[in-house]
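The residues of the chain are indexed from 1 along the displayed sequence. Values in this document were obtained by computation on a predicted structure and should not be read as measured data.
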Amino acid sequence: MTSVIWIVVAVLGTFTVGYMGYSRYLSRFVDLDDSRETPAHKYEDGQEYVPAKKPVLLGHHFSSIAGGAPIVGPITAGAIWGWVPALLWVAIGNPLMGAVHDFISLSSSIRHEGRSIGYIVGQYVGERGKDLLLWFAFLTIILVVAVFALVVGIVFNAYPQVTTASFVYILLALAFGVYLYQLNGPFIPGTILFVAGVFAGVWLGIQYPVALFELAGDASHPAGTFVLFSGTGSWVPGAAALGGNTAAWIPIIMVYGAVASALPVWVLLQPRDYLSSFLLYAGVGGGVIAIIVGTILGTSAQPLVIDSSIGAFEGFWGVEAAGLYPLFPLLFITIACGTISGFHSLVSSGTTSKQLNKESDARLIGYGGMLGEGLLAALALSTLAIAGVTSGGGIGRALPNFADGGGIILTSLGIPETLGAVFMALVLVSFLLTSTDTAVRLGRYMMEEIVGMDDGMTVSGLSPNLGSIARGRYTNPLFQIGIGYLLVISGEWATLWALFGGANQLLAALALLTATVWLANWDESKQLISTGVPMAVMVAITVLGLTWLAIYQNLYTNLIGGGAETVGAQISSATQMILAFVLIGLALSLVKIGLGNIRSVRGGGDAPAAEPSDD
């Protein structure tokens, strides 16, 4: 039997080389200089531009980019194609592609007044290129909100203990924001007190689990669960595919994301992400240490070896139960976060760049933060390998395996399996919640740049002006969660995740294109290989993947072949198909414009070179 420690060893080896060597080179390459004033200081407004201490900002960035995707993606891919292909994509792709993508996105944004990648590319290729990228990003954000809300609902349903723990964690974050920014409480004592409260919330969740509805059939919630409404919730939209309890949580989660996105960053975003980072550190660090300790000392409840239900390689088409899913290109879009993710470029150039205290912090937060997410992906793959896939459970059943396998792993440190499983489920949910409302906030930023930010326009969205409504703090989130909800209620989990992954990876390619355009215009001596090669690879992979999903999975299988049996499923499939083609068209148009600019600049054309600090 193969020990899971080799999964961790492989990732730690490649990541160490990447951070010690490649990130140091990239820092010199983009000329990080602490003598420059960052946008957080230059435009400090107490709302969006707020300088943050390095650990606080690392907590926000780490939690926002991690979300649930580096957990869900590797688990899903490992269950379909085997653990070896999933491991190789994470271990090799992360330091060479994903970490470069995050670091360059952050670096380019701080040189452009904390603006988004859409604004940056517009500086060099014009308004049309800017609008294409911003619309692409906005549509991708809607998929992020839809997928993450769905996964939170699934986990809340499987672990009602986590529901209580999550509400405690959010309330503590609100209190911590007031303590830190309004009462000016001491930082370290406050950290100790509130982090302890978050961990105490795990115990409270075990004692008082909460669910909205009873489970249908023979399934039941854990003993002592407080069920708020009678019945199984069969009347809730999407209940037929997802179950009433899961389907009922999804709109609640989306509304939470909309409300949280409208609050100033100091109220919830910064304190919550900082507190959740300790869950990540404890979950990832504790899990890795537990694997090492359990393997060497044999202290785990069961041997930490790869379960027989998880093959090293399941073949090009994957396991039969998953359907027709070719490894190329779908593996590379199923594992997005954990290896490379376009959503990270929106976080890096959307919220993180507006809070960066000094330029040198970008190396740890940008490059190092992505390596940390890759380690989380490796841990997620390890939990799947240990717990295995429940027979007949399908990919949806693989999600709670992070908690099940994590609980087993943590027994190596003397933690009871039940307590460890709930804690790992909270780790998953806390990052999903942070990414959900960060995504809605970023969607608002995208629309602000599309519509424009004239001084006379209100930011609330409550005026009758159409542009104000479209990008308003209170009104824009309603568009995002409304469309996202329509995509979710079909219950087409596997297809929706793949579509999200394809759009996300194609956005990563466009972010790398933006970086390449910036570097080409900055200095003709700058090499373009570090960003250009990953960009070309991701464009090829994702265009093929989205085309396959649109034509085969949605048009042929779901609509023509009758795979989508309900009206909701048919609407969702049609929406996904149209969205896939729109995303491909937007991306290819932008690639053409961007490459034309690069050829013009590097070929001695008329396009002017621009300094890296140009606005």
Side-chain angles (χ1 to χ4, degrees), residues 3-5 7-8 68 71 75 154-169 172 192 194-211 215 219-226 275-307 309-310 375-376 378-390 393 397-432:
S3 173
V4 297
I5 196 172
I7 295 176
V8 174
I71 296 172
I75 286 177
I154 291 174
V155 178
F156 274 5
N157 181 69
Y159 288 92
Q161 306 96 321
V162 177
T163 306
T164 305
S166 297
F167 280 105
V168 171
Y169 148 72
L172 285 170
I192 295 172
F194 283 92
V195 168
V198 170
F199 284 95
V202 177
W203 175 87
L204 196 64
I206 293 175
Q207 301 303 312
Y208 306 104
V210 173
L215 301 181
S220 61
H221 293 299
T225 299
F226 291 88
L275 293 178
S276 70
S277 70
F278 285 91
L279 288 173
L280 178 59
Y281 304 148
V284 177
V288 170
I289 293 172
I291 288 174
I292 296 172
V293 171
T295 301
I296 296 176
L297 302 181
T299 54
S300 61
Q302 67 183 58
L304 301 182
V305 296
I306 298 175
D307 189 83
S309 66
I310 305 297
L375 191 57
L376 174 59
L379 177 63
L381 188 60
S382 299
T383 63
L384 173 72
I386 291 171
V389 177
T390 302
R397 175 63 190 109
L399 293 176
N401 280 11
F402 180 71
D404 297 342
I408 295 170
I409 289 172
L410 292 179
T411 61
S412 301
L413 302 180
I415 299 173
E417 185 174 337
T418 302
L419 178 62
V422 173
F423 171 72
M424 295 301 281
L426 178 61
V427 169
L428 170 56
V429 167
S430 65
F431 301 131
L432 286 162

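- Between Met424 and Gly407 the shortest heavy-atom distance is CG-N, 4.3 Å.
- Using cut-offs of 30° and 60° on the angle between ring planes, the pair Phe226 and Tyr208 is tilted.
- Between the CG atom in Leu384 and the CD1 atom in Ile306 there is a gap of 9.5 Å [rounded to 0.5 Å].
- Note that CG of Leu297 is 10.0 Å distant from CG of Leu413, once rounded to the nearest 0.5 Å.
- With hydrogens and angles ignored, the 3.5 Å screen pairs no side-chain donor or acceptor of Thr164 with any backbone N or O of Gly205.
- To the nearest 0.5 Å, the span separating CG on Leu375 from OG on Ser382 amounts to 9.0 Å.
- Val198 places none of its side-chain heavy atoms less than 4.5 Å from the side chain of Phe278.
- With hydrogens and angles ignored, the 3.5 Å screen pairs no side-chain donor or acceptor of Thr383 with any backbone N or O of Gly405.
- Within the 4.5 Å cutoff, the side chain of Ile7 has no heavy atoms near those of the Ile291 side chain.
- At least one side-chain heavy atom of Phe402 sits less than 4.5 Å from a side-chain heavy atom of Leu376.
- The shortest non-hydrogen separation linking Pro222 to Pro160 is CD-CG, 3.4 Å.
- When all heavy atoms of Val293 and Ser412 are compared, the closest pair comes out as CG1-O, 4.0 Å.
- Here the shortest heavy-atom pairing between Val288 and Leu379 reads N-CD1, 4.4 Å.
- Here OG of Ser276 is found 9.5 Å from CG of Leu426. Values are rounded to the nearest 0.5 Å.
- Using a 4.5 Å heavy-atom cutoff, the side chains of Tyr159 and Asp404 are in contact.
- Summarising the geometry of Ala425 relative to Val162, their closest heavy-atom pair is CB-CG2, 3.3 Å, with the distance given to 0.1 Å.
- Between Phe423 and the choices Ile206, Thr418, Leu279, the side-chain contact (heavy atoms from CB on, under 4.5 Å) rule is met once, by Leu279.
- Rounding to the nearest 0.5 Å places CD1 of Ile386 at 3.5 Å from CD1 of Ile409.
- Of all non-hydrogen atoms in Gly197 and Leu172, the two that sit nearest each other are C-CD1, 3.3 Å.
- At a threshold of 4.5 Å between non-hydrogen side-chain atoms, the residues Thr411 and Ser300 count as touching.
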Going through the checks in order, is the side chain to side chain contact (heavy atoms under 4.5 Å, CB included) test met by Thr163 and Val429? CA-CA 9 Å; Thr163 306; Val429 167; over 6 Å; no
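- Put simply, the side chain of His221 does not reach to within 4.5 Å of the side chain of Pro209, judged on heavy atoms.
- Taking 4.5 Å as the limit, every side-chain heavy atom of Val4 sits out of range of all side-chain heavy atoms of Leu381.
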